[in-house]
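Have a look at the structure below, then the notes.
The analysis underlying the following values was restricted to heavy atoms, covering all of them including side chains, and did not include hydrogens, waters or symmetry mates. Computed from a predicted model, the values in this text were never measured in an experiment.
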Amino acid sequence: MSRAGQGDRTERGDRTGRDERADRTARIREAMREEGDAIAEHTREHNAGRKAVTEDFPEYETLRERARAVKEDAIENLPDLVDRLRESVEANGGHLYVADDAADANRYIVETVGDAETVVKSKSMTTEEIDLNDALEAAGVEPVETDLGEWVIQLAEESPSHLIGPAMHKDRAEIAALFAEVFDPADPPETATELTAFAREMLGKRIREADVGLTGANFVVAESGSLALVTNEGNARKVASTPDTHIAVSGVEKIVPTVEDLEPFLNLLSRAGAGQELSAYTSLLTPPVASPVPDFDAPDEPLSAPDDEGTTANPDREFHLVLIDNGRLAMREDEDLRETLYCVRCGACANSCGNFQSVGGHVFGGETYTGGIAGGWEAGIEGLNVAGEFNDLCTGCSRCVPACPVKIDIPWINTVVRDRINRRKADASDFAFLPDGLAPDAEPAGLDLGKRFVGDFATLAKWGHRTAPLANRLADAGPVRAALERVVGIDRRRDLPTFASESLVEWFDRRGGARIPLADADRDAILYPDTYTNYVDVERGKAAVRALEALGVHVRVPSLPPSGRPPLSQGMVATAEERAHDLYAALAEHVDADRDVVVVEPSDLAMIRSEYERFLEPAAFERLAGASYEVLEYVYGLLENGASIDALVGGDDATRTSELAYHPHCQARTLDLEVYTLTVLERAGYDVRTSDTECCGMAGSFGYKTEYYELSIDVGEPLVEDFGGTDRTLVASGTSCGEQLDALLDRPARHPIELLAPPDSASR
């Protein structure tokens, strides 16, 4: 399977409704069937390696900060760096060309290659981006990929499935069969060692005979004209040094000011992408001259010394550096896409992504780039039609954020791209003529009905609660489920939430409010009644009230606006921002009164502590984020400050067991909240087994949608391996996690606060 064989993306990007969903479902099924197992094995292996080598590397976070600072500065000063780089390259005897777009770059490269018959290439996503191989072949020049993975997919006439593992979707047997078919050797190689030796012999000969060598560049140093090449094969340095002509192709965003600036990247790149402390080959070349290894402790020493005539040029070799714009400079001016240019192409975002692990880059990718960061690259380079083909596969779970070595907020980039896709489609909608005031949110009237249905879940839940139990009976009716599937794409195989007849706020008012008088309380807290806790899973809200009161907290449960998480998940950014301002306005007086804000649903806390930074004024954001806590984090703080764990686990709850199977919520993990839940449960005497699965696959609204239901279940399969053979009580802190565990294992999960709260039959 290859992206090139999927049909016309522009045409598909304009399709809507059931046909579009059916097409996407078919491609996802095919990818899971043909490539899913290989992709899952390799990405999870890289992901496990990354965790191992970063956890034992205390400088990791400091280096991430440094790397991000270097990229921020470099992109800010990019025009000046291009000028400095030009001076350096020309002083070394080379040539620098800045290409406006793919056609411009290919024209220059083809002219430079001239009468050459063969060009040997090392791995380069930038040359994939500009379709250089096609341009060379059209000019009568044979391009030969010398990276093993790139060579495999060139022979198979496919496209890369991963930023650093082009053939990650193929297993050893498939590669052996491919070599046998293409070369028909007398003794076909079969083992990994034999396959590698066969490729080395074949490609070594092509490199020795080639007229031109062409490489990419992981980084380009402006002060010296040096190229940094980071690989696990020795082909790149051979390609750069063996033929008489060396052409390097790089995006303009790869420039860094000085050789010193390479240090954090060289320490991070292999750790983040492949789970290695260092790649097998890290080469620093200053073409076309001899290139000594730099001494980072002596940054003032030149990387290339002049000869007796005062020049550093090598008259026997020719060097051309081609820098590609192709939309990058426009992205630099785009406040939301700009961060994409910080990308170092390590692929860690793909490795850490549950959806990518199931389908790979031929579905979770565009014309060139794959994984979470592809949303920004493809939107900036190819346009929204291409980005729209896979954008929804980023669920905003946030697990790519701590994986990224330069701390790019990849979920936000994909959310912004989704918003732009929404608005473009709304403008072209049959309903675009309707006044926007008729919409129940801040989005244009022609917004896709499926996204509006999910994004306005707060409104749906409120009316579902008010009309329960009738709403619940109707939601289970076959004709209603069929209509939901046909019109808004909600899969009938997924159980829908059951709305409560009495909301949490109503229950709290009926019981008479707080049970701990303010004068006798140690803390004064607002328990935030998020949409799900207030209207669906009221029991976890009641448990939170009981637990906090048992620890001496004066609890308040006022009626408050929704956080904006559902609309944000659908790319409804204006609505999410509106919700953020509404919630801050409702909570500001409480925060001013030094009341704590306690949140049950982790995704809502993630909104407050993360996304609200983009919506609120800095002082307002800091005030609200600093006063807000996840409920188990808050309980941990109370225990650390003198409260007794015995106050929580007293009583004789018949449902309480000592052995738990706990799956932490993805955004709670990103916020480093998992440790608080584990610590409190263990202090309470529970034996807790924790899942290592990054994401359960439900990811909020994602698992409800027809085209993604099967993918959602596939992503959650590791949880079946983790917990399927145990009788332990299932525990999940997130709404979507609990629903997914129920679907996968056919037994409900409980929120951890329900296992800690003392029973209070009178309060129920």
For Cys666 and Ser398 the tightest heavy-atom approach is O-OG, 4.1 Å

Rounding to 0.5 Å, atoms CD (Glu630) and CG (Asp604) come to a distance of 11.5 Å

Hydrogens and angles aside, do Thr670 and Arg399 bring a side-chain donor and acceptor to less than 3.5 Å of each other?
yes

Correct closest heavy-atom pair for Cys400 and Pro411 would be SG-CD, 3.7 Å

Do the side-chain N and O atoms of Thr533 and Arg540 include a donor-acceptor pair separated by under 3.5 angstrom?
yes

Under a 3.5 Å threshold, yes or no: a donor from one side chain and an acceptor from the other, between Gln570 and Arg418?
no

Quick one about Gln357 and Thr43 (side-chain donor to acceptor, distance below 3.5 Å, no hydrogens or angles considered), yes or no?
no

Would you call Arg565 and Glu611 a salt bridge, taking side-chain N to carboxylate O under 4.0 Å as the test?
yes

Flag the pair Ile421 / Val417 as yes when at least one side-chain heavy-atom distance between them is below 4.5 Å, and no otherwise.
yes

Is it true that the side chains of Asn472 and Thr498 contain a donor and an acceptor less than 3.5 Å apart?
no

Under the salt bridge (Lys or Arg N to Asp or Glu O under 4.0 Å) rule, what do Asp409 and Arg614 come out as? Steps first, then yes or no, please.
CA-CA 12 Å; Asp409 191 347; Arg614 299 181 182 274; 3.1 Å; yes

Tell me if a side-chain donor or acceptor on Glu617 pairs with a main-chain N or O of Ala619 at a distance below 3.5 Å.
no

Checking Arg338 against Glu72 for the salt bridge (Lys or Arg N to Asp or Glu O under 4.0 Å) test, could you report, in this order, the C-alpha distance in whole Å, the side-chain angles of both residues, the deciding distance, and whether it holds?
CA-CA 9 Å; Arg338 182 187 181 104; Glu72 286 178 347; over 6 Å; no

Short side-chain donor-acceptor distance under 3.5 Å, Ser712 and Gln740:
yes

Looking only at side-chain N and O atoms, does Tyr634 offer a donor or acceptor that is under 3.5 Å from a partner on Asp596?
yes

Does the side chain of Tyr532 come under 3.5 Å of the side chain of Glu739 through a donor N or O and an acceptor N or O?
yes

Tell me if the aromatic rings of Tyr708 and Phe702 count as close, with their centers under 6.0 Å from one another.
yes

Going by atom types alone, do Thr693 and Asp722 pair a side-chain donor with an acceptor below 3.5 Å?
yes

With no hydrogens and no angle check, do the side chains of Glu506 and His465 hold a donor and an acceptor under 3.5 Å apart?
yes

Might you work through the side-chain contact (heavy atoms from CB on, under 4.5 Å) test for Glu601 and Tyr528, ending with a clear yes or no?
CA-CA 9 Å; Glu601 174 59 44; Tyr528 175 55; over 6 Å; no

Side chains of Met32 and Leu711: does their closest heavy-atom pair fall under 4.5 Å?
yes

Backbone N or O of Glu485 within a donor-acceptor pair of the Arg492 side chain at under 3.5 Å?
no

Does a sphere of radius 6.0 Å around CD in Glu710 hold more than 12 heavy atoms from other residues, nucleotides or ligands, not counting ones at 6.0 Å or beyond?
yes

Side chain to side chain contact (heavy atoms under 4.5 Å, CB included) with Cys404: which residues, sequence neighbours excluded?
Val406, Ile408

Donor-acceptor contact present, side-chain Glu382 to main-chain Gly366, <3.5 Å:
no

Apply side chain to side chain contact (heavy atoms under 4.5 Å, CB included) to Ala26 and list each qualifying residue two or more places apart in sequence or on a separate chain.
none

Taking all non-hydrogen atoms of both residues, which atom of Tyr704 and which atom of Leu496 are closest, and how far apart?
CE2-CD2, 4.0 Å

With the side chain counted from C-beta on, respond yes when Val573 and Trp412 share a heavy-atom pair under 4.5 Å apart, and no when they do not.
yes

Heavy-atom side-chain proximity of Val545 to Trp507 below 4.5 angstrom:
yes

Between the side chains of Thr575 and Glu443, does any donor sit under 3.5 Å from an acceptor?
yes

Provide the closest heavy-atom pair for Asp334 versus Arg420 in the form atom of the first, atom of the second, distance.
OD2-NH1, 2.9 Å

Report the C-alpha distance between Lys425 and Glu20 in whole Å, list the side-chain angles of each, state the deciding distance to 0.1 Å, and finish with yes or no for salt bridge (Lys or Arg N to Asp or Glu O under 4.0 Å).
CA-CA 13 Å; Lys425 288 188 174 181; Glu20 188 177 51; 3.5 Å; yes

Rounded to the nearest 0.5 Å, what separation is found between the CD atom of Glu389 and the CZ atom of Arg27?
5.0 Å

Before giving the answer on side-chain contact (heavy atoms from CB on, under 4.5 Å), spell out for His751 and Val631 the whole-Å C-alpha distance, their side-chain angles and the decisive distance to 0.1 Å.
CA-CA 11 Å; His751 192 283; Val631 63; 3.8 Å; yes

Flag the pair Asp530 and Arg579 as a salt bridge only when some basic side-chain nitrogen lies within less than 4.0 angstrom of an acidic carboxylate oxygen.
no

Is the distance from the ring center of His162 to that of Phe356 below 6.0 Å?
yes

Under 3.5 Å, side chain of Arg481 to main-chain N/O of Asp491, donor-acceptor pair present?
yes

Atom of Gly571, atom of Asp419 and distance for their closest heavy-atom approach
O-OD1, 2.8 Å

Please give me the minimum heavy-atom distance between Ala348 and Ala403, naming the atom from each residue.
CB-O, 3.6 Å

Between Arg609 and Glu633, is a salt bridge (Lys or Arg N to Asp or Glu O under 4.0 Å) present by the stated rule, with each step listed?
CA-CA 14 Å; Arg609 284 195 183 172; Glu633 176 190 23; 2.8 Å; yes

Please step through side-chain contact (heavy atoms from CB on, under 4.5 Å) for the pair Leu337 and Ile413, ending with a clear verdict.
CA-CA 6 Å; Leu337 294 186; Ile413 292 173; 4.1 Å; yes

Can a donor-acceptor pair be found between the side chains of Asp714 and Ser358 at a distance below 3.5 Å?
yes

